[in-house]
Amino acid sequence: MPELPEVEVVRRGLERWVAGRTVAAVSVAHPRSVRRHVLGAVDFSARLAGRRVVGARRRGKYLWLPLDSDDAVIAHLGMSGQLLVRPALEPDETHLRVRVTFTDAGGELRFVDQRTFGGLAYESGGALLPRSLAHIAPDPLDPAYDAPTVVMALRRRRTGLKRALLDQTLVSGIGNIYADEALWRAGLHYARATDTLTRAEALRLLSQARAVMTEALAAGGTSFDALYVDVNGRGGYFDRSLAVYGRAGRPCRRCGAPIRRDPFMNRSSFTCPRCQPRPRRGRW
DNA sequence: CCTGCCGCCTGCGCGC
DNA sequence: TGCGCGCAGGCGGCAG
(Lines give C-alpha, C1' and ligand atoms only; values in the text may rest on other atoms or scores of the structure.)
Protein backbone atom coordinates (compact mmCIF):
# COMPACT_ATOMS: atom_id res chain seq x y z
CA MET A 1 0.00 0.00 0.00
CA PRO A 2 2.29 2.30 -1.33
CA GLU A 3 2.32 5.95 -0.79
CA LEU A 4 2.59 8.06 2.32
CA PRO A 5 -1.13 8.39 3.21
CA GLU A 6 -1.77 4.66 2.88
CA VAL A 7 1.36 3.79 4.85
CA GLU A 8 0.44 6.28 7.57
CA VAL A 9 -3.00 4.65 7.83
CA VAL A 10 -1.21 1.36 8.48
CA ARG A 11 1.16 2.97 10.98
CA ARG A 12 -1.76 4.26 13.01
CA GLY A 13 -3.30 0.80 13.02
CA LEU A 14 -0.05 -0.73 14.23
CA GLU A 15 0.27 1.87 16.96
CA ARG A 16 -3.21 1.06 18.14
CA TRP A 17 -3.26 -2.72 17.77
CA VAL A 18 0.37 -3.86 18.05
CA ALA A 19 2.32 -1.39 20.20
CA GLY A 20 2.70 -2.53 23.79
CA ARG A 21 2.43 -6.21 22.94
CA THR A 22 5.10 -8.89 23.36
CA VAL A 23 6.01 -11.20 20.49
CA ALA A 24 5.50 -14.91 21.17
CA ALA A 25 6.71 -16.41 17.89
CA VAL A 26 7.42 -15.54 14.27
CA SER A 27 7.05 -17.82 11.29
CA VAL A 28 8.36 -16.95 7.86
CA ALA A 29 6.42 -18.63 5.07
CA HIS A 30 8.39 -17.05 2.24
CA PRO A 31 12.11 -16.27 2.66
CA ARG A 32 12.04 -13.55 0.02
CA SER A 33 9.93 -11.42 2.36
CA VAL A 34 12.86 -11.18 4.79
CA ARG A 35 15.64 -10.99 2.18
CA ARG A 36 16.80 -7.63 3.54
CA HIS A 37 17.59 -9.40 6.78
CA VAL A 38 21.07 -10.63 5.90
CA LEU A 39 21.27 -13.34 8.56
CA GLY A 40 18.19 -15.10 7.21
CA ALA A 41 14.69 -16.11 8.24
CA VAL A 42 15.62 -18.27 11.24
CA ASP A 43 17.73 -15.48 12.73
CA PHE A 44 14.98 -12.95 12.04
CA SER A 45 12.42 -15.02 13.94
CA ALA A 46 14.77 -15.76 16.83
CA ARG A 47 15.68 -12.11 17.39
CA LEU A 48 12.09 -10.97 17.39
CA ALA A 49 10.70 -13.62 19.72
CA GLY A 50 10.21 -12.33 23.27
CA ARG A 51 10.61 -8.68 22.31
CA ARG A 52 8.03 -6.09 23.25
CA VAL A 53 6.92 -3.66 20.55
CA VAL A 54 7.04 -0.14 21.97
CA GLY A 55 5.63 1.93 19.10
CA ALA A 56 5.09 2.32 15.36
CA ARG A 57 7.00 4.85 13.31
CA ARG A 58 7.25 5.92 9.69
CA ARG A 59 9.44 7.88 7.34
CA GLY A 60 8.12 8.27 3.80
CA LYS A 61 6.85 4.84 2.78
CA TYR A 62 8.94 2.95 5.34
CA LEU A 63 7.59 1.74 8.66
CA TRP A 64 9.44 0.49 11.69
CA LEU A 65 8.44 -0.96 15.02
CA PRO A 66 10.83 0.11 17.79
CA LEU A 67 11.41 -2.69 20.31
CA ASP A 68 12.24 -2.80 24.02
CA SER A 69 15.74 -3.93 23.01
CA ASP A 70 16.29 -0.55 21.25
CA ASP A 71 16.33 -2.46 17.98
CA ALA A 72 13.58 -2.28 15.37
CA VAL A 73 11.64 -4.27 12.83
CA ILE A 74 11.59 -2.43 9.52
CA ALA A 75 8.70 -2.95 7.14
CA HIS A 76 8.18 -1.88 3.57
CA LEU A 77 4.97 -2.70 1.74
CA GLY A 78 6.41 -2.49 -1.77
CA MET A 79 3.66 -2.57 -4.39
CA SER A 80 1.32 -5.05 -2.77
CA GLY A 81 2.22 -5.54 0.88
CA GLN A 82 -0.32 -5.50 3.71
CA LEU A 83 0.08 -5.61 7.47
CA LEU A 84 -3.05 -7.11 8.95
CA VAL A 85 -4.12 -7.79 12.52
CA ARG A 86 -6.28 -10.89 12.37
CA PRO A 87 -7.77 -13.42 14.80
CA ALA A 88 -5.60 -16.54 14.81
CA LEU A 89 -8.59 -18.63 13.73
CA GLU A 90 -9.05 -16.70 10.50
CA PRO A 91 -7.93 -18.70 7.48
CA ASP A 92 -4.53 -17.76 6.07
CA GLU A 93 -4.46 -15.34 3.17
CA THR A 94 -3.19 -16.75 -0.12
CA HIS A 95 -0.11 -14.55 0.01
CA LEU A 96 0.61 -14.73 3.72
CA ARG A 97 4.41 -14.37 4.00
CA VAL A 98 5.16 -13.77 7.68
CA ARG A 99 3.09 -14.41 10.80
CA VAL A 100 3.82 -12.81 14.19
CA THR A 101 1.96 -14.11 17.23
CA PHE A 102 1.82 -12.39 20.61
CA THR A 103 1.82 -13.55 24.21
CA ASP A 104 -1.65 -12.07 24.81
CA ALA A 105 -4.99 -13.22 23.46
CA GLY A 106 -5.24 -10.50 20.79
CA GLY A 107 -5.00 -11.07 17.06
CA GLU A 108 -1.81 -12.01 15.23
CA LEU A 109 0.09 -9.72 12.88
CA ARG A 110 0.27 -10.95 9.31
CA PHE A 111 2.48 -9.67 6.52
CA VAL A 112 0.67 -10.47 3.28
CA ASP A 113 2.32 -9.60 -0.01
CA GLN A 114 1.28 -10.80 -3.44
CA ARG A 115 4.29 -9.60 -5.43
CA THR A 116 6.94 -9.83 -2.67
CA PHE A 117 8.50 -6.47 -3.50
CA GLY A 118 8.01 -5.54 0.14
CA GLY A 119 9.52 -7.14 3.19
CA LEU A 120 10.54 -7.11 6.84
CA ALA A 121 13.96 -6.88 8.47
CA TYR A 122 15.34 -6.73 12.01
CA GLU A 123 17.87 -3.98 12.61
CA SER A 124 20.01 -3.66 15.70
CA GLY A 125 19.98 -0.22 17.30
CA GLY A 126 17.36 1.02 14.89
CA ALA A 127 14.67 2.17 17.29
CA LEU A 128 15.21 5.92 16.78
CA LEU A 129 15.89 5.91 13.04
CA PRO A 130 17.16 2.70 11.46
CA ARG A 131 20.54 3.13 9.77
CA SER A 132 19.21 1.48 6.64
CA LEU A 133 16.72 4.35 6.26
CA ALA A 134 19.32 7.10 6.57
CA HIS A 135 19.18 7.77 2.83
CA ILE A 136 15.42 8.42 2.93
CA ALA A 137 14.67 12.15 3.11
CA PRO A 138 12.07 13.49 5.56
CA ASP A 139 8.55 13.40 4.14
CA PRO A 140 6.28 16.46 3.97
CA LEU A 141 4.43 15.48 7.16
CA ASP A 142 7.62 15.06 9.22
CA PRO A 143 8.52 17.87 11.66
CA ALA A 144 12.08 17.53 10.32
CA TYR A 145 10.87 18.42 6.82
CA ASP A 146 12.13 21.80 5.64
CA ALA A 147 10.55 23.03 2.40
CA PRO A 148 13.16 25.70 1.54
CA THR A 149 15.91 23.06 1.74
CA VAL A 150 13.99 20.80 -0.63
CA VAL A 151 13.30 23.70 -3.00
CA MET A 152 17.04 24.37 -3.27
CA ALA A 153 17.89 20.72 -3.76
CA LEU A 154 15.15 20.29 -6.35
CA ARG A 155 16.35 23.25 -8.42
CA ARG A 156 19.92 21.92 -8.39
CA ARG A 157 18.84 18.69 -10.02
CA ARG A 158 19.22 18.18 -13.75
CA THR A 159 16.29 15.94 -14.46
CA GLY A 160 12.54 15.95 -15.11
CA LEU A 161 10.19 17.20 -12.44
CA LYS A 162 8.31 13.97 -11.78
CA ARG A 163 11.49 11.90 -11.62
CA ALA A 164 12.67 14.26 -8.90
CA LEU A 165 9.37 14.03 -7.00
CA LEU A 166 9.63 10.24 -7.00
CA ASP A 167 13.21 10.30 -5.72
CA GLN A 168 12.90 9.34 -2.07
CA THR A 169 16.32 10.80 -1.24
CA LEU A 170 15.04 14.28 -2.12
CA VAL A 171 11.63 14.19 -0.46
CA SER A 172 9.98 10.95 0.61
CA GLY A 173 6.49 9.53 0.64
CA ILE A 174 5.42 10.63 -2.86
CA GLY A 175 4.62 7.92 -5.41
CA ASN A 176 2.99 7.75 -8.80
CA ILE A 177 -0.52 8.79 -7.72
CA TYR A 178 0.33 11.77 -5.54
CA ALA A 179 3.10 12.97 -7.87
CA ASP A 180 0.54 13.28 -10.67
CA GLU A 181 -2.03 14.89 -8.38
CA ALA A 182 0.47 17.41 -6.99
CA LEU A 183 1.69 18.33 -10.49
CA TRP A 184 -1.89 18.88 -11.65
CA ARG A 185 -2.71 21.04 -8.63
CA ALA A 186 0.44 23.10 -9.20
CA GLY A 187 -0.22 23.39 -12.95
CA LEU A 188 3.17 21.92 -13.84
CA HIS A 189 4.10 19.23 -16.37
CA TYR A 190 5.99 16.09 -15.33
CA ALA A 191 8.69 16.64 -17.95
CA ARG A 192 9.53 20.17 -16.84
CA ALA A 193 13.29 20.49 -16.34
CA THR A 194 13.97 20.90 -12.63
CA ASP A 195 16.70 23.49 -13.18
CA THR A 196 14.26 25.84 -14.93
CA LEU A 197 11.84 25.96 -11.99
CA THR A 198 11.44 29.23 -10.16
CA ARG A 199 11.57 29.12 -6.37
CA ALA A 200 7.87 29.97 -6.30
CA GLU A 201 6.98 27.11 -8.63
CA ALA A 202 9.01 24.62 -6.64
CA LEU A 203 7.48 25.77 -3.39
CA ARG A 204 3.99 25.64 -4.87
CA LEU A 205 4.53 22.09 -6.06
CA LEU A 206 5.81 20.89 -2.69
CA SER A 207 2.94 22.62 -0.89
CA GLN A 208 0.45 20.88 -3.17
CA ALA A 209 2.15 17.54 -2.59
CA ARG A 210 1.76 17.99 1.13
CA ALA A 211 -1.82 19.20 0.77
CA VAL A 212 -2.99 16.32 -1.39
CA MET A 213 -1.39 13.72 0.86
CA THR A 214 -2.92 15.34 3.94
CA GLU A 215 -6.36 15.24 2.34
CA ALA A 216 -5.86 11.65 1.23
CA LEU A 217 -4.85 10.65 4.74
CA ALA A 218 -8.04 12.21 6.12
CA ALA A 219 -9.98 10.03 3.66
CA GLY A 220 -8.16 6.89 4.78
CA GLY A 221 -5.98 6.77 1.65
CA THR A 222 -6.58 5.69 -1.94
CA SER A 223 -7.87 2.14 -2.47
CA PHE A 224 -8.70 1.11 -6.02
CA ASP A 225 -8.98 -2.51 -4.95
CA ALA A 226 -8.66 -4.79 -1.95
CA LEU A 227 -4.84 -4.67 -2.01
CA TYR A 228 -4.71 -1.32 -0.25
CA VAL A 229 -6.22 -1.66 3.17
CA ASP A 230 -5.60 -0.77 6.79
CA VAL A 231 -4.63 -3.34 9.44
CA ASN A 232 -8.29 -4.29 9.77
CA GLY A 233 -8.69 -4.82 6.04
CA ARG A 234 -10.62 -1.64 5.26
CA GLY A 235 -9.87 0.62 2.30
CA GLY A 236 -9.90 4.41 2.04
CA TYR A 237 -12.02 6.50 -0.29
CA PHE A 238 -9.68 9.17 -1.68
CA ASP A 239 -9.91 7.58 -5.15
CA ARG A 240 -13.12 9.63 -5.61
CA SER A 241 -11.18 12.84 -5.13
CA LEU A 242 -8.39 12.12 -7.60
CA ALA A 243 -8.18 14.75 -10.33
CA VAL A 244 -5.98 13.03 -12.91
CA TYR A 245 -4.58 9.67 -11.79
CA GLY A 246 -6.38 6.84 -13.58
CA ARG A 247 -8.75 9.30 -15.31
CA ALA A 248 -7.52 9.08 -18.91
CA GLY A 249 -10.11 10.44 -21.34
CA ARG A 250 -12.32 11.87 -18.61
CA PRO A 251 -12.77 15.64 -18.25
CA CYS A 252 -10.34 17.71 -16.22
CA ARG A 253 -12.08 18.84 -13.04
CA ARG A 254 -10.72 22.35 -13.61
CA CYS A 255 -11.12 23.02 -17.34
CA GLY A 256 -12.96 20.05 -18.83
CA ALA A 257 -10.22 19.03 -21.29
CA PRO A 258 -9.81 15.24 -21.55
CA ILE A 259 -7.10 13.91 -19.25
CA ARG A 260 -4.27 12.21 -21.11
CA ARG A 261 -2.14 9.26 -20.19
CA ASP A 262 1.50 9.08 -21.28
CA PRO A 263 3.94 6.22 -20.80
CA PHE A 264 6.50 7.23 -18.20
CA MET A 265 9.35 5.11 -16.83
CA ASN A 266 7.55 1.85 -17.65
CA ARG A 267 4.43 3.19 -15.93
CA SER A 268 2.03 6.05 -16.61
CA SER A 269 1.67 9.76 -16.12
CA PHE A 270 -1.69 11.47 -16.17
CA THR A 271 -1.98 15.16 -17.02
CA CYS A 272 -4.46 17.75 -18.16
CA PRO A 273 -3.09 18.95 -21.52
CA ARG A 274 -4.53 22.42 -20.97
CA CYS A 275 -3.67 23.01 -17.30
CA GLN A 276 -0.25 21.34 -17.63
CA PRO A 277 1.12 22.10 -21.10
CA ARG A 278 4.21 20.13 -22.05
CA PRO A 279 7.32 22.31 -21.84
CA ARG A 280 9.06 23.10 -25.11
CA ARG A 281 12.30 21.63 -23.87
CA GLY A 282 11.34 19.20 -21.18
CA ARG A 283 13.34 16.45 -19.63
CA TRP A 284 12.16 12.92 -19.29
C1' DC B 1 29.33 12.71 -7.04
C1' DC B 2 24.79 12.42 -10.17
C1' DT B 3 21.39 10.43 -13.38
C1' DG B 4 18.89 6.78 -15.60
C1' DC B 5 17.84 2.01 -16.46
C1' DC B 6 16.84 -2.74 -15.18
C1' DG B 7 15.19 -6.49 -12.68
C1' DC B 8 12.64 -8.26 -9.05
C1' DC B 9 7.34 -10.80 -8.57
C1' DT B 10 2.18 -12.19 -9.17
C1' DG B 11 -2.29 -11.47 -11.02
C1' DC B 12 -5.74 -9.26 -13.81
C1' DG B 13 -8.05 -7.65 -17.91
C1' DC B 14 -7.82 -7.22 -22.66
C1' DG B 15 -7.62 -8.55 -27.63
C1' DC B 16 -7.01 -12.25 -30.67
C1' DT C 1 -11.32 -21.49 -23.79
C1' DG C 2 -6.68 -20.33 -23.89
C1' DC C 3 -2.64 -17.49 -24.65
C1' DG C 4 0.23 -13.59 -24.89
C1' DC C 5 0.66 -8.95 -23.74
C1' DG C 6 0.53 -4.78 -21.11
C1' DC C 7 -0.22 -2.99 -16.87
C1' DA C 8 -0.13 -2.23 -11.56
C1' DG C 9 0.31 2.93 -5.24
C1' DG C 10 8.18 0.63 -5.42
C1' DC C 11 12.86 0.03 -4.69
C1' DG C 12 17.99 -1.20 -4.75
C1' DG C 13 21.92 -1.92 -7.43
C1' DC C 14 24.72 -0.72 -10.88
C1' DA C 15 26.56 1.37 -15.28
C1' DG C 16 27.95 5.41 -17.50
Check your understanding: Start at the 5' end of DNA chain C and walk down; is the nucleotide closest to A:Ser268 or to A:Gln168 reached first?
Key -> A:Ser268
Practice item. Report the distance from atom CG of A:Leu227 to atom P of B:dC9, rounded to the nearest whole Å. Key: 18 Å
**Study point:** Separation of atom CG in A:Asp113 from atom P in B:dC9, rounded to whole Å
**Key:** 12 Å
Check your understanding: So, do A:Phe117 and B:dC8 meet the stacking rule of ring centres under 5.5 Å and planes under 30°?
Key -> yes
**Study point:** N/O (side chain, A:Arg163) to phosphate O (OP1/OP2, B:dC5) under 4.0 Å
**Key:** yes
Exercise for review: Specify the separation, in whole Å, of atom CZ of A:Arg158 and atom C1' of B:dC2.
Suggested key: 11 Å
Practice item. Answer yes if A:Leu65 and A:Ile136 sit in the same cluster of Ile, Leu, Val, Met, Phe, Trp and Tyr residues linked by side chain heavy atoms under 4.5 Å apart, and no otherwise. Key: no
Review point. Aromatic rings A:Tyr178 and A:Phe238: how do their planes relate, parallel, tilted or perpendicular, breaks at 30° and 60°?
Key: tilted
Point to revise | Interatomic distance, A:Leu170 CG vs B:dT3 C1' [rounded to whole Å] | key: 13 Å
Review point. Hey, are A:Glu8 and A:Arg11 close enough for a salt bridge, meaning a charged N less than 4.0 Å from a carboxylate O?
Key: yes
Review point. Is A:Arg110 paired with A:Glu90 through a side-chain N to carboxylate O contact shorter than 4.0 Å?
Key: no
Exercise for review: Kindly work out whether a path of hydrophobic side-chain contacts (I/L/V/M/F/W/Y, heavy atoms less than 4.5 Å apart) joins A:Val54 to A:Tyr62.
Suggested key: no
**Study point:** A:Asn266 vs A:Arg157, nearer the 5' end of DNA chain B by closest nucleotide
**Key:** A:Arg157
Check your understanding: Is A:Asp113 salt-bridged to A:Arg32, going by a charged N under 4.0 Å from an acidic O?
Key -> no
Point to revise | Under 4.0 angstrom between A:Arg36 side-chain N/O and C:dC11 OP1 or OP2 | key: no
Review point. Once you round it to whole Å, what is the distance between C1' of C:dC7 and CE of A:Met265?
Key: 16 Å
Check your understanding: Is the shortest side-chain N to carboxylate O distance from A:Asp92 to A:Arg97 below 4.0 Å?
Key -> no
Check your understanding: Counting side-chain heavy atoms from CB outward, which of C:dC11, B:dT3, C:dA8 is closest to A:Tyr62?
Key -> C:dC11
**Study point:** Salt-bridge present (A:Arg163, A:Asp167; N to O < 4.0 Å)
**Key:** no
Practice item. Remember a base hit wins even if backbone is also touched, and classify A:Phe224 as base, sugar-phosphate or nothing at under 4.0 Å, heavy atoms. Key: base
Point to revise | Sidechain N-carboxylate O distance under 4.0 Å for A:Asp71, A:Arg51 | key: no
Check your understanding: Just how far, in rounded Å, is P of C:dG12 from CG of A:Asp167?
Key -> 10 Å
Exercise for review: Between A:Arg261 and A:Ser132, name the one whose nearest nucleotide on DNA chain C is closer to the 5' end.
Suggested key: A:Arg261
Point to revise | Length of the line joining A:Leu166:CG and B:dC6:P, which is rounded to integer Å | key: 17 Å
Review point. CE of A:Met79 versus C1' of B:dC8: gap in Å, rounded?
Key: 12 Å
Heteroatom pairs (N/O) under 3.5 angstrom, protein to nucleotides 10-14 of chain B:
{"unit_1": "B:dT10", "atom_1": "O2", "unit_2": "A:Gln114", "atom_2": "OE1", "d": "3.2"}
{"unit_1": "B:dG11", "atom_1": "OP1", "unit_2": "A:His95", "atom_2": "NE2", "d": "3.4"}
{"unit_1": "B:dG11", "atom_1": "O4'", "unit_2": "A:Gln114", "atom_2": "OE1", "d": "3.4"}

Practice item. Mind checking A:Thr222 for me? I need base, sugar-phosphate or nothing, with any heavy atom below 4.0 Å counting as a touch. Key: base
Check your understanding: Distance check: side-chain N/O of A:Ser80 vs OP1/OP2 of B:dC9, anything under 4.0 Å?
Key -> no
Review point. Is there a path of hydrophobic side-chain contacts, each under 4.5 Å between heavy atoms of I, L, V, M, F, W or Y residues, that connects A:Leu67 with A:Val85?
Key: yes
Exercise for review: Just compare B:dC9, C:dG12, B:dT3 and give me whichever is closest to any side-chain atom of A:His135.
Suggested key: C:dG12
Point to revise | Per-nucleotide pairing state of DNA chain B [Watson-Crick or G-U, under 3.5 Å; [ ] pseudoknot-crossing; | other strand] | key: .|||||||.|||||||
